[in-house]
**Q** 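Take a look at this one; I'll ask things after.
What you see below is based on every heavy atom in this structure, not just the backbone, and it leaves out hydrogens, waters and symmetry mates. Just so we're on the same page: letters track the sequence lines, and every chain starts at 1. Source: prediction; values computed, not measured.
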Amino acid sequence: MTDTRTTEDKLTRDDMAQLVARDIPAGAFVNLGIGQPTNVSNFLTADQQVTLHTENGMLGMGPVATGEDIDEDLINAGKIPVTELPGAAYFHHADSFAMMRGGHLDVCVLGAFQVSQSGDLANWHTGAEGAIPAVGGAMDLAIGAKATWVMMSLFTKTGESKLVETLNYPVTGLGCVSRIYTEVAIFELRDAKVFVRSVHGISFDELQARVPVELTWA
Amino acid sequence: MTDTRTTEDKLTRDDMAQLVARDIPAGAFVNLGIGQPTNVSNFLTADQQVTLHTENGMLGMGPVATGEDIDEDLINAGKIPVTELPGAAYFHHADSFAMMRGGHLDVCVLGAFQVSQSGDLANWHTGAEGAIPAVGGAMDLAIGAKATWVMMSLFTKTGESKLVETLNYPVTGLGCVSRIYTEVAIFELRDAKVFVRSVHGISFDELQARVPVELTWA
Amino acid sequence: MAPRIASTATDAVAEISDGSTILIGGFGNAGQPMELIDALMECGATDLTVVNNNAGQADAGLALLIKERRVKKIICSFPRQSDSWHFDEAYRAGEIELELVPQGNLAERIRAAGAGIGGFFTPTGYGTLLAEGKETRVIDGKGYVLETPIHADFALIKALKADTFGNLVYRKTARNFGPIMATAAKAAIVQVDEVVEVGSIDPEHVITPGIYVDTVVALGGGK
Amino acid sequence: MAPRIASTATDAVAEISDGSTILIGGFGNAGQPMELIDALMECGATDLTVVNNNAGQADAGLALLIKERRVKKIICSFPRQSDSWHFDEAYRAGEIELELVPQGNLAERIRAAGAGIGGFFTPTGYGTLLAEGKETRVIDGKGYVLETPIHADFALIKALKADTFGNLVYRKTARNFGPIMATAAKAAIVQVDEVVEVGSIDPEHVITPGIYVDTVVALGGGK
């Protein structure tokens, strides 16, 4: 798939992952969140020389381990066995999160429940009555990297926009998201505006009609 | 020399170092300050299994290096070439001072300008007009270890006691000193009192007459 | 002081008493001191405060301690997992207290305890539910939350090797919380695959210096 | 991004401009990036803020930068030494600003900058002249001073080896400030004895991961 600004079809999950992968600058240090963002690694090319960070203490993470390469001492943040690439480094948890919090990662890609027009992110807690909260590294990831990108479906099952004026889920991090990849559009949040970089299977006008924030065609 | 509670002669510097060495518990982790305290290491026995810390990033420091053992990458806090003992470990400056500040060293031995009856220490700055201040690790050492001991001559050249009611030099650390080794007496500071453990070349009464704080024969 | 070399995991945890605060290393199975946790289960200590990234999984280790109501409070970042049923049940029954901490703040609070830091301003969690009731401050235009050190009585951790002075090396991502937990506890109890002679770990490669290690037990295994 | 491999020390420091804040590693001669400091001298940048444990010695390195009045401010723990005559003269003439920081607070402030910490409460310096004007707080009966991070534009450090990804290992007590300074600067410039191929440093032994390293220059020498 090519990066045209308008396509008739919606993006598949792989399309989205591929677009994210293509947008990651060469040589970048990147953390890919659990779930959909993990898929981005499948589309990174060797030429890009991207180094993957996993917050449980490693830079230079390789692909998921299979067969005899599985080693219970070598896992990613999703607790999946992974591999080690040449030039990797291990460090402890405080050093790993210092690396994130200190702004040393170039890009972090996360899933989301909602993103507000000012880049506030909700992805850790539904806020539902009786739900047991769990946060893990979500808040650290959200605010740590130089750029935080979100991958999500734009609409809920009932058709509500997850790009909102203000969050109605509990906040993960304030003003941290700068880009949103969805199946129907890619958004860039900057200069206090929401720009639409591309639309897929929807027109800009339709999109604007369904999203409750002012959009600008980039 | 033996640890009698009264001797006719004053303690020599070596006597003092030997007494300090003997008081260090077996297996202790110890930082010896620059100057007189460094001499203590000459009297530690192998049986004691004391591990020396140097704040520039090492545990397991060995004796001063001579001849071909001199290595400019292996120095102590006084910038003197030293050696490495089996079981040594290197770490960076933040980790080294975290070790001190976190209360992991058992004993730190320091020189002093003055110590107050409540254990306040002055050893970094004379406060003299026009003096260029320098602090190094003095303040970290003073308050970091589980026990801070001082080695000093009890009297100034003009005969004033350096054990005082309140400091008139700038403070290094508050309430941190628990023991003072001098050429004429060894003091223990605890329970808001100053105990005299031993006297050397002076009687208890003479000592009390020359020291402006209330002393208690231990 | 060179660490005590315990003969069994049970021996290693023998001093843990009721009411203790215990840091338990590991992230997933990597670095999790399974045998020490099992020994803690056996030793009977109760009324514990446990600090771990998670809140136990399935029917093993920490999950069993929670099942038996031996843990009065857990400080962790991610208690809710598909197989955290014992925690879920205790929590819903109001029989375990939960202090939820973002993972990086958890790590930094443990490090702060070991480093003698009284508190620190972290941007993580600012503006969120997890900062409620905490002091906040805007520094150079950015919001921060004041977080406090987590001190503990014991740390149970797993390393690859110890020398007889207690110097430790770890293996891959099993390093995770071990090095910082060792610094934050009054007594760090470490299970290793093997104990080696002093001098056989290069001083440049030591990750946890022996000063932080109180008890070591060699359990074999490993790669 | 893999670091730039500079061909000379002069090339390595070429981007340092007037008004920069520069962290300079080393404690005594150990870990002092002599050649990079000499290159900084040559490159002409002035109006610098320098962070180093000391304030230069004798007639070399940092002392010469101070002699030439290229340093407007120094942040250090121990400026006064028997051979710190250039600093002494500049200081007495009121031509250099001194921020004196206890050595452990200096190290922790540098680490805090690299770790994204906005400030921390340290017991070191509480009740002393060096806490004057600073916020203090008593926590659990113990006094603490609030200290702030020291961010910098550049770090000049010395390591033993780098691989082509910028992963670093150090040698003995020459490690000192290097690992934390690398994290606290926008750009860390590192002189090493040699640059080795990726894969030749064991990932368990990396002290400074390459993410922190921007420029490497190999100067040979070493043991």
**Q** Considering only heavy atoms, which portion of I207(D) lies under 4.5 Å from any heavy atom of chain B: side chain, backbone, both, or neither?
**A** neither

**Q** Take R171(D) and D71(B) through the salt bridge (Lys or Arg N to Asp or Glu O under 4.0 Å) test and state the conclusion after the steps.
**A** CA-CA 11 Å; R171(D) 189 167 176 278; D71(B) 178 340; 2.6 Å; yes

**Q** May I ask you to test the I132(B)-F87(D) pair for a side-chain heavy-atom distance under 4.5 Å?
**A** yes

**Q** Output, in order, the C-alpha distance, side-chain angles, deciding distance and verdict of side chain to side chain donor-acceptor pair (under 3.5 Å) for H93(B) and Q103(D).
**A** CA-CA 9 Å; H93(B) 245 80; Q103(D) 196 172 156; 2.7 Å; yes

**Q** Under the side-chain contact (heavy atoms from CB on, under 4.5 Å) rule, what do Y90(B) and T173(D) come out as? Steps first, then yes or no, please.
**A** CA-CA 7 Å; Y90(B) 296 103; T173(D) 59; 4.0 Å; yes

**Q** Assess whether side-chain contact (heavy atoms from CB on, under 4.5 Å) is satisfied between M58(B) and R175(D), documenting all intermediate values.
**A** CA-CA 10 Å; M58(B) 181 189 196; R175(D) 189 184 299 191; over 6 Å; no

**Q** Measure Y126(D) against the heavy atoms of chain B and call it side chain, backbone, both or neither at under 4.5 Å.
**A** both

**Q** Measure distances from D120(B) to the heavy atoms of chain D and classify the residue's part below 4.5 Å as side chain, backbone, both or neither.
**A** neither

**Q** For the candidates P123(D), A55(D), G125(D), G31(D), which exhibits the highest count of non-hydrogen atom pairs separated by less than 4.5 Å from chain B?
**A** P123(D)

**Q** Tell me whether the count of non-hydrogen atoms from other residues, nucleotides or ligands lying under 6.0 Å of NZ in K67(D) goes above 12.
**A** no

**Q** Are more than 12 heavy atoms from other residues, nucleotides or ligands located less than 6.0 Å from atom NZ of K134(D)?
**A** yes

**Q** With a 4.5 angstrom heavy-atom cut-off, which part of D88(D) approaches chain B: side chain, backbone, both or neither?
**A** both

**Q** Chain B: which of S84(D), C76(D), G127(D), A30(D) shares the most heavy-atom pairs with it under 4.5 Å?
**A** A30(D)

**Q** If you count heavy-atom pairs under 4.5 Å between each of G143(D), G178(D), A174(D) and chain B, which one has the most?
**A** A174(D)

**Q** Quick one: of V101(D), N29(D), N53(D), L129(D), who has the most non-hydrogen atom pairs under 4.5 Å with chain B?
**A** L129(D)

**Q** G136(B) and F78(D): which non-hydrogen atoms are nearest, and at how many Å?
**A** N-CD1, 3.4 Å

**Q** Please lay out, stage by stage, how K172(D) and N56(B) fare under the test side chain to side chain donor-acceptor pair (under 3.5 Å).
**A** CA-CA 10 Å; K172(D) 301 189 185 281; N56(B) 52 318; over 6 Å; no

**Q** Looking at F27(D) and A77(B), what are the two nearest heavy atoms and their distance?
**A** CZ-O, 3.5 Å

**Q** For E95(D), I'd like to know if atom CD has over 12 heavy atoms of other residues, nucleotides or ligands within 6.0 Å.
**A** yes

**Q** Give a yes or no on whether the backbone of G130(B) and the side-chain of R92(D) come within a donor-acceptor separation of less than 3.5 Å.
**A** yes

**Q** Using non-hydrogen atoms and a 4.5 Å limit, figure out which bit of R80(D) sits close to chain B: side chain, backbone, both or neither.
**A** both

**Q** Is it true that, when you exclude R190(B) itself, more than 12 heavy atoms of the residues, nucleotides or ligands shown sit nearer than 6.0 Å to its CZ?
**A** yes

**Q** In sequence, state the C-alpha distance, the side-chain angles, and the governing distance for I143(B) and T124(D), and then conclude on side-chain contact (heavy atoms from CB on, under 4.5 Å).
**A** CA-CA 7 Å; I143(B) 60 105; T124(D) 304; 3.6 Å; yes

**Q** Is the number of heavy atoms from other residues, nucleotides or ligands under 6.0 Å of K193(B) NZ greater than 12?
**A** no

**Q** List the atom of D140(B), the atom of N105(D), and the distance in Å for their closest heavy-atom pair.
**A** OD1-N, 3.8 Å

**Q** Kindly compute the distance separating OG (S77(D)) from CH2 (W124(B)), expressed to the nearest 0.5 Å.
**A** 11.0 Å

**Q** Testing the basics here: between L100(D) and P133(B), what is the closest heavy-atom pair and its distance to 0.1 Å?
**A** CD2-CB, 3.7 Å

**Q** Do R101(B) side-chain atoms and G104(D) backbone N/O form a donor-acceptor pair below 3.5 Å?
**A** yes

**Q** Measuring heavy-atom distances to chain B, does Q32(D) have an atom under 4.5 Å in its side chain, in its backbone, in both, or in neither?
**A** neither

**Q** Side chain, backbone, both or neither: which part of S96(B) has an atom under 4.5 Å from a heavy atom of chain D?
**A** neither

**Q** Go through K79(B), H125(B), M100(B) and name the one with the most non-hydrogen pairs under 4.5 angstrom from chain D.
**A** K79(B)

